[in-house]
Amino acid sequence: MRQPGAYSKLLSGGVSGKTGPHSLPLARIKKIMKKSSEDVKMISGEAPIVFSKACELFVEELTKRAWLITLQGKRRTMQKDDVASAVITTDIFDFLVNLVVEDRNNSTAAVAANKLG
Amino acid sequence: IIITEGDAPPAASTTTNAIANIPSPPNAAAGEVNLEQQQGFKRDADQYMPIANIIRIMRSILPAHAKIADDAKEVIQECISEFISFITIEANGRCHREYRKTITPEDVLAAMASLGFTNYLEPLTIFLNQHRAQKDSDRSSMNPLPQFVRRGGGSGFVQCQELQGSHMEEYGELTTTINDYIFGNHGGGEGSSGCREFDPFQ
């Protein structure tokens with residue numbers, strides 16, 4: 001019986017591992033995609049693969065921004081509030097604001113969010 | 001102790017309910033409420049990316065001495081799922097508007113562009129093209145049927161599909177290996193149906 005995985009390694013031995021195992025599980029990505037809306041029906045096989053890379057880029061960006069805030073606070077441990085501040089101060093992360101600010105009365109993130117309006 | 005569940009939390013909960021929050025059943029006694037709350041804090045792993053993978057990506061960015069609080073990891077985990085949903089809904093809308101049923105990678109990329117993630121487009125396009133080139137070379141190499149292969153190697157490797165120029169060199173080197181595979185293990189005229197659109201989800 002053919003083993004596509006083993007065979008492709010023969011040919012791609014010299015190629016960089018970028019198209020090899022993906023850093024995030026594709027089946028789970030597909031599951032989350034399906035859950036996002038009732039009328040998501042069919043998903044091409046390649047779409048989760050694009051997402052695996054996109055999520056990697058997303059985590060990298062969010063981490064970098066949060067870490068900058070950690071450094072501004074002269075700390076070495078990234079806190080949840082650092083992530084929250086990164087979200088609040090980045091326009092394209094607006095869709096995440098409700099996720100990071102659960103208590104609008106307390107927490108530095110809530111105060112910052114309130115200030116930004 | 002008998003634990004009775006109240007209404008089960010909706011399976012298709014919208015993404016804004018990303019923080020797992022199971023309401024305690026209305027008739028629960030005090031002891032049972034505590035257990036429910038404990039269970040409420042257990043995350044439904046299915047709706048998030050595995051934390052180990054996320055930490056690995058974060059560590060590739062951060063300096064060696066950096067530490068990450070557990071709740072920071074968890075909130076990022078939630079953000080990723082929200083990101084996927086956010087983009088997917090936009091991509092799906094695009095599909096509907098164009099009367100298509102299947103969300104394609106191009107839909108995903110277009111959705112990211114319109115939602116402001118323009119910085120991701122270039123690396124993602126490169127990644128996608130690499131993946132497709134890889135897949136094409138896999139498929140091409142697996143198709144050769146005995147009748148299309150000439151023994152003797154070199155540029156005598158012929159097959160039914162059109163080969164792109166860049167692949168010919170690879171095949172030249174590996175023809176012996178491929179010929180061994182075909183004539184060594186091959187049980188008969190097995191077709192190429194096995195490798196069409198290898199979909200890991202089916």
Side-chain angles (χ1 to χ4, degrees), chain A residues 2 4 7-8 10-12 15 18-19 23-33 35-47 49-51 53-64 66-67 70 76-80 82-84 87 91-93 95-96 98-100 102, chain B residues 12 15-16 18-19 46-47 49-50 53-54 56-58 61-62 65-69 71-72 75-76 78-86 88-89 92 101-105 108-109 112 115-117 120 123-124 127-128 130-131 134 137-138 141-142 170 174 177 194-195 197-201:
Chain A
R2 284 178 191 242
Y7 202 68
S8 68
L10 272 178
L11 279 169
S12 67
V15 176
K18 291 234 187 286
T19 52
S23 62
L24 294 170
L26 299 177
R28 201 169 296 181
I29 291 175
K30 187 171 180 182
K31 196 175 289 190
I32 296 173
M33 288 177 74
K35 264 182 94 172
S36 64
S37 165
E38 284 292 319
D39 63 356
V40 169
K41 297 277 187 292
M42 304 201 53
I43 301 173
S44 104
E46 286 180 313
I49 289 170
V50 171
F51 263 119
K53 184 66 179 172
C55 289
E56 202 179 301
L57 297 172
F58 173 75
V59 171
E60 286 172 359
E61 179 170 8
L62 189 48
T63 302
K64 278 181 203 164
W67 181 247
T70 311
R76 291 181 161 201
T77 303
M78 182 188 297
Q79 302 291 346
K80 181 180 175 182
D82 300 331
V83 178
V87 161
D91 281 347
I92 58 173
F93 291 163
F95 69 99
L96 294 169
N98 288 332
L99 207 54
V100 299
E102 70 267 26
Chain B
T15 54
T16 47
I19 300 171
D46 266 5
Q47 57 185 101
M49 291 293 111
N53 301 46
I54 297 169
R56 199 184 321 132
I57 298 171
M58 293 179 75
I61 294 291
L62 296 172
H65 64 269
K67 295 195 181 356
I68 313 168
D71 58 2
V75 77
I76 290 185
E78 293 161 17
C79 288
I80 297 169
S81 298
E82 190 76 17
F83 173 70
I84 295 172
S85 299
F86 184 56
T88 299
I89 289 172
N92 197 44
K101 287 187 191 161
T102 306
I103 301 179
T104 64
V108 174
L109 291 176
M112 287 190 188
L115 292 171
F117 294 91
Y120 297 3
L124 286 176
F127 178 78
L128 187 59
Q130 278 180 340
H131 174 262
Q134 171 78 60
S137 77
D138 285 353
S141 66
M142 289 181 61
E170 291 172 61
L174 293 164
T177 315
C195 69
E197 275 304 325
F198 175 64
D199 188 334
F201 309 117

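Everything quoted here is computed from the prediction, not taken from an experiment. Note on naming: letters A, B, ... go to the chains in the order of the sequence lines (proteins, then strands), and numbering restarts at 1 for each one.
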Of all heavy-atom pairs between [X] and [Y], which one has the smallest distance, and what is that distance?
X: A:A54; Y: B:M112; result: CB-CE, 3.2 Å
X: B:I103; Y: A:A47; result: O-CB, 3.9 Å
X: A:M78; Y: B:A72; result: O-CB, 3.7 Å
X: A:V50; Y: B:P105; result: CG2-CB, 3.6 Å
X: B:K67; Y: A:W67; result: O-CZ3, 4.4 Å
X: A:L57; Y: B:P123; result: CD1-CG, 4.0 Å

Among the listed options B:T104, B:I61, B:L115, the residue most often paired with chain A at heavy-atom distances under 4.5 Å: B:I61
Residue, of B:I54, B:L109, B:L62, that accumulates the most heavy atom pairs under 4.5 Å with chain A: B:L62
Can you tell me which portion of A:L62 sits under 4.5 Å from chain B's heavy atoms? Options are side chain, backbone, both or neither. side chain
Tell me, side chain or backbone of A:V40 under 4.5 Å from chain B's heavy atoms, or both, or neither? both
Separation between [atom1] of [X] and [atom2] of [Y], rounded to the nearest 0.5 Å:
X: B:L124; Y: A:E56; atom1: CG; atom2: CD; value: 10.0 Å
X: A:I43; Y: B:K101; atom1: CD1; atom2: NZ; value: 15.0 Å
X: A:S36; Y: B:F83; atom1: OG; atom2: CZ; value: 12.5 Å
X: A:K31; Y: B:S81; atom1: NZ; atom2: OG; value: 12.0 Å
X: B:I68; Y: A:T70; atom1: CD1; atom2: OG1; value: 9.5 Å
X: A:N98; Y: B:E82; atom1: CG; atom2: CD; value: 8.5 Å

Students often mix this up, so state it plainly: with edges at 30° and 60°, are the rings of A:F95 and B:F86 parallel, tilted or perpendicular? parallel
For a 4.5 angstrom cut-off between non-hydrogen side-chain atoms, does A:K53 reach B:H131? no
Minimum side-chain heavy-atom gap B:F117-A:I92 below 4.5 Å: yes
What verdict does the side-chain contact (heavy atoms from CB on, under 4.5 Å) test give for A:T63 and B:I57, after you've listed the backbone C-alpha separation in whole Å, the side-chain angles of each residue and the deciding distance to 0.1 Å? CA-CA 9 Å; A:T63 302; B:I57 298 171; over 6 Å; no
Proximal component of B:I80, with respect to chain A [non-hydrogen, under 4.5 Å]: both
Under 4.5 Å from any heavy atom of chain A, what part of B:L128 do you find: side chain, backbone, both or neither? side chain
Can you list the residues that meet the side-chain contact (heavy atoms from CB on, under 4.5 Å) rule with A:D39, with sequence neighbours excluded? A:S37, A:K41, B:N92, B:H96
Considering residues at least two apart in sequence or located in another chain, which fulfil the ring pair (Phe, Tyr, Trp, His ring centres under 6.0 Å) criterion with A:F93? A:F58
side-chain contact (heavy atoms from CB on, under 4.5 Å) for A:I32 and B:M49? Distances and angles first, verdict last. CA-CA 9 Å; A:I32 296 173; B:M49 291 293 111; 3.7 Å; yes
